[in-house]
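Below is one structure, written out as structure tokens; the observations come after it.
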Amino acid sequence: MMIQLRFLPLNKLPNGVVRFHRSVSPNFQVQNPNFATTLITRVSPPSHYTTAFMGTKVSAMVLDGKSVAEDIRDKLTIEISRMKNKFSVVPGLAVILVGERKDSATYVENKKEACESVGINSYEVCLRQDCREEEILKHISRFNDDPSVHGILVQLPLPSHINDRNILNAVCIEKDVDGFHPLNIGRLAMSGREPLFVPCTPKGCIELLRRYNVNIKGKNAVVIGRSNIVGMPASLLLQREDAAVTVVHSRTKNPEEITRQADIIISAAGKPNMVTASWIKPGAVLIDVGINPVEDSTDPRGYRMVGDICYEEACKIALAITPVPGGVGPMTVAMLLLNTVTSAKRIHKCN
Ligand code: NDP
């Protein structure tokens, strides 16, 4: 069976990935007898084409979160400028960072830069590791009341003496751009109810599948991980897209037997290279949420980031795969910006 694939544009590519420019035939074809599914039904017009390249064998298509996210950000920049000119509204995002965790500080910095790049105002509060819960609540309350703030994000994880639940409950639901408020999650779980916001990482995963025209309806989807911020909402979103969803977690026996049945896998376990070839059905679409540091003496930092899915092995079997970095990460940030703009439009009724 032969399926013709065309690929979306890509800017920066991880190791082992080749960029095909316009000079390469746009009718470039992948032949693989194992591609029994028709997950990808429609294609978008590419400017150049990307596929993972293993030795002489062409393999899985790269789902390029970085360039899709750039496209979303470009459109948001135009939309924000329109809102400013027509309604004098500038979206604003407030970020609360508690403690000195380096990874959290980096994430907050990235979000701040992303806001600036599209024209969203960002407000930042940095609190000491030993700050009291009341102090965080006081800032949330202030941002809840501030009309120039349309989204409030408390960077997780919080120090162990702080009760996460009290903090997340305090963010007013209309500004809960992370989508972690129990009311938003509850609405996501119920049919016929709509959350005001959907958590950014799972939303980014689904958006990426949509952008590459991956057919979700009726497919077997497996989510690895059941955390409140990724795994659980990802499984709810896939159900809303009419997939048959199975969730695998740390207590699941023989998880690879379950994942081998999956047309689509979203992995959010935080375990480097856990998903190897034997876990993957030929022709599956793989979304790797995991961001895991592994030692690498060839990298000046002494480490590099890998996903939960063993990229090299998966590329030989899968139909499509997200790279790490450059897959889900940029989509998460783009969804945060999108949620903030949606919030500002809803609050100020500017459409
Ligand atoms: P958590 O640690 O909160 O959750 C991990 C989940 O994976 C748990 O449900 C756990 O099961 C499950 N799990 C752990 N080990 C296994 C295993 N061996 N087999 C099957 N399931 C397992 O992590 P998060 O959900 O917060 O994050 C997951 C990963 O995603 C991390 O690498 C994180 O850095 C990354 N991440 C990436 C983002 C992005 O934008 N790309 C955003 C957010 C997170 P149990 O419930 O039984 O403990």
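Each ligand, and each atom within it, is numbered from 1 in the order the structure gives.
Relative to atom 5 (C) of ligand 1, the option among Ala269, Gly65, Gly225 with the closest non-hydrogen atom is Ala269.
Residue contacts with ligand 1, taken as heavy atom pairs separated by less than 4.0 Å, do not involve Met331 at all. Contact annotation for Asn292 and ligand 1: only side-chain heavy atoms (C-beta onward) come within less than 4.0 Å of the ligand.
Applying the side-chain contact (heavy atoms from CB on, under 4.5 Å) criterion to Ile291, with sequence neighbours excluded, gives Tyr107, Met305.
The protein non-hydrogen atom at the shortest distance from atom 42 (C) of ligand 1 is Thr201 OG1, 3.3 Å. The protein heavy atom nearest to atom 8 (C) of ligand 1 is Arg226 N, 3.9 Å.
Looking at Lys281, Lys217, Lys219 one by one, the single match for salt bridge (charged side-chain N to carboxylate O under 4.0 Å, His left out) with Asp263 turns out to be Lys281.
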Name each donor-acceptor pair under 3.5 Å that joins a side chain in residues 202-209 to protein atoms two or more places apart or in another chain, with its distance.
| residue | atom | partner | partner atom | Å |
| --- | --- | --- | --- | --- |
| Lys203 | NZ | Asn339 | OD1 | 2.8 |
| Glu207 | OE1 | Arg210 | NH1 | 3.4 |
| Glu207 | OE2 | Arg211 | NE | 2.9 |

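Taking every non-hydrogen atom of Gly329 and a distance limit under 4.0 Å, the qualifying atoms of ligand 1 come out as 40 (O), 41 (N). Those atoms of ligand 1 that come under 4.0 Å of a heavy atom in Val289, given as number and element, are 30 (O), 35 (C), 36 (N), 37 (C), 38 (C), 41 (N). The ligand atoms of ligand 1 that sit less than 4.0 angstrom from a heavy atom of Ser227 are 3 (O), 4 (O), 9 (O), 24 (P), 25 (O). Near Thr332, meaning under 4.0 Å from any of its heavy atoms, are these atoms of ligand 1: 39 (C), 40 (O).
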